K.L.:
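Have a look at this one.
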Amino acid sequence: MKFNATARSVQGSSASRRLRRAGRVPAIVYGGTAAPLNIELDHNEIYHALRKEEFHASILQMAVEGAAKEEQVLLRSVQWHAYKPQVLHVDFQRVDANQALHTKVPFHFVNAEISPAVKLGGAIISHVLTELEVTCLPAALPQFIEVDLKDLLPGASVHLADIKLPRGVTYVPHGGDANPLVASAVVKGGGAAAAEEGEAEAPAA
């Protein structure tokens, strides 16, 4: 995806307020060998871009007005107004093709409606994780990681080990959890697992 930016020379909170009143958004680009670059963005353009999932998990092409060439960047953080649909500030990081990125990639869950869990068991699919923290080279960065639920049984779960990550993409574990729970099929009344436990505990006739 591509977005447009303009370099800004005036900084500070009062300058940022003036920008916002004019329908602009202050932002910064950092990282790489170049110095941090203060930029401004059109509010409507960046607001609508931020509503697209791929803007959050893709290498972006930044076209700065007057610059000789576009730069590749990655969205790092967004500051929103507390109660208005207004973008207050955006951070981008420069991308080096030879340096690994550390970022989050969303999960796309597919085929839940045809799984035995839903079709036969009436289960509700609980998405325990909606994104995964990964590291990879920029060229290997996927827009999303697909989780196919077509074989999921009632009361069963999907862990990270059950998912094939794209080539060159490595999970970054947190808290020592190398195989986190990603999704589960929850059946009303406790599910298949609870029923099995009840049978095991029942006294023999």
Side-chain angles (χ1 to χ4, degrees), residues 1-3 46-61 74-80 82-85 87 90 93 95 100-205:
M1 291 186 68
K2 179 179 176 179
F3 69 96
I46 194 65
Y47 176 82
H48 289 294
L50 287 168
R51 298 182 64 163
K52 298 176 181 177
E53 182 185 75
E54 58 265 36
F55 196 80
H56 294 258
S58 301
I59 304 299
L60 307 172
Q61 297 294 128
L74 191 67
L75 177 67
R76 275 311 187 193
S77 66
V78 182
Q79 182 183 352
W80 292 87
Y83 56 88
K84 295 179 183 178
V87 185
V90 186
Q93 180 184 352
V95 171
L101 298 170
H102 188 148
T103 189
K104 293 180 180 179
V105 176
F107 282 124
H108 278 194
F109 296 90
V110 300
N111 294 325
E113 69 281 358
I114 64 171
S115 69
V118 173
K119 202 169 183 180
L120 303 178
I124 296 173
I125 306 299
S126 173
H127 298 164
V128 181
L129 291 181
T130 58
E131 60 186 11
L132 190 71
E133 194 156 348
V134 303
T135 182
C136 64
L137 289 173
L141 180 64
Q143 288 189 8
F144 59 86
I145 296 170
E146 185 172 281
V147 182
D148 194 342
L149 302 174
K150 69 178 185 299
D151 297 323
L152 189 64
L153 298 173
S157 300
V158 177
H159 287 78
L160 184 60
D162 303 316
I163 302 167
K164 185 177 180 181
L165 296 181
R167 183 184 296 273
V169 175
T170 303
Y171 165 58
V172 179
H174 282 279
D177 190 358
N179 189 27
L181 176 63
V182 176
S184 60
V186 181
V187 182
K188 293 179 181 178
E196 292 172 2
E197 290 175 6
E199 290 175 3
E201 293 171 2

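The first residue of the sequence shown is numbered 1, and numbering continues consecutively from there. Just so it is clear, the model here is predicted, and its values are computed rather than measured.
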K.L.:
So do H174 and E133 actually touch side chain to side chain, heavy atoms under 4.5 Å?
P.N.:
yes

K.L.:
With a 4.5 Å heavy-atom cut-off, do H159 and P180 have their side chains touching?
P.N.:
no

K.L.:
For the CG atom of L152 and the OG atom of S184, what is their distance to the nearest 0.5 Å?
P.N.:
8.0 Å

K.L.:
Please walk me through it: do L74 and L101 pass side-chain contact (heavy atoms from CB on, under 4.5 Å)?
P.N.:
CA-CA 9 Å; L74 191 67; L101 298 170; 4.2 Å; yes

K.L.:
Which heavy atom of C136 sits nearest to which heavy atom of A140, and what is that distance?
P.N.:
SG-C, 4.1 Å

K.L.:
Given M1 and K52, is the side-chain contact (heavy atoms from CB on, under 4.5 Å) satisfied, shown in steps?
P.N.:
CA-CA 10 Å; M1 291 186 68; K52 298 176 181 177; 3.8 Å; yes

K.L.:
I need the minimum non-hydrogen distance between P142 and V169, along with the two atoms involved.
P.N.:
CD-CG2, 3.8 Å

K.L.:
side-chain contact (heavy atoms from CB on, under 4.5 Å) for L141 and V105? Distances and angles first, verdict last.
P.N.:
CA-CA 8 Å; L141 180 64; V105 176; 3.8 Å; yes

K.L.:
Can you measure from CD (Q93) to OG (S77) and round to the nearest 0.5 angstrom?
P.N.:
10.5 Å

K.L.:
Measuring from atom CG of L149 to atom CG of N111, what distance do you get when rounded to the nearest 0.5 angstrom?
P.N.:
7.5 Å

K.L.:
Classify the angle between the aromatic ring planes of F144 and H108 as parallel (below 30°), tilted (30 to 60°) or perpendicular (above 60°).
P.N.:
parallel

K.L.:
To the nearest 0.5 Å, tell me how far I145 CD1 sits from K104 NZ.
P.N.:
13.0 Å

K.L.:
For H102, check ring-ring contact (aromatic ring centres under 6.0 Å, His included) against everything at least two apart and list the hits.
P.N.:
none

K.L.:
Does the side-chain contact (heavy atoms from CB on, under 4.5 Å) test come out yes or no for V87 and V78, once each step is laid out?
P.N.:
CA-CA 7 Å; V87 185; V78 182; 3.9 Å; yes

K.L.:
Between F109 and D148, is there a side-chain heavy-atom distance shorter than 4.5 Å?
P.N.:
no

K.L.:
What I'd like to find out is whether the side chain of L132 reaches to under 4.5 Å of the side chain of L165, using heavy atoms alone.
P.N.:
yes

K.L.:
With rounding to the nearest 0.5 angstrom, report the CG to NE2 distance, L50 to H56.
P.N.:
5.0 Å

K.L.:
Nearest 0.5 Å please: distance from the CG atom of N179 over to the CG atom of D162.
P.N.:
7.0 Å

K.L.:
Can you sort out the partners of D177 under side chain to side chain donor-acceptor pair (under 3.5 Å), two or more places apart, ordered by chain and number?
P.N.:
none

K.L.:
At their closest point, which heavy atom of P116 faces which heavy atom of P154, and how far apart are they?
P.N.:
O-CG, 4.0 Å

K.L.:
Just by distance, do the side chain of S115 and the backbone of D151 share a donor-acceptor pair under 3.5 Å?
P.N.:
no

K.L.:
Identify the two heavy atoms, one from S126 and one from V186, that lie closest to each other, and give their separation to 0.1 Å.
P.N.:
CB-CG2, 4.2 Å

K.L.:
Taking side chain as C-beta onward, heavy atoms only, is I163 less than 4.5 Å from V158?
P.N.:
yes

K.L.:
Quick check: closest heavy atoms across L181 and S157, and the distance to 0.1 Å?
P.N.:
CD1-CB, 3.5 Å

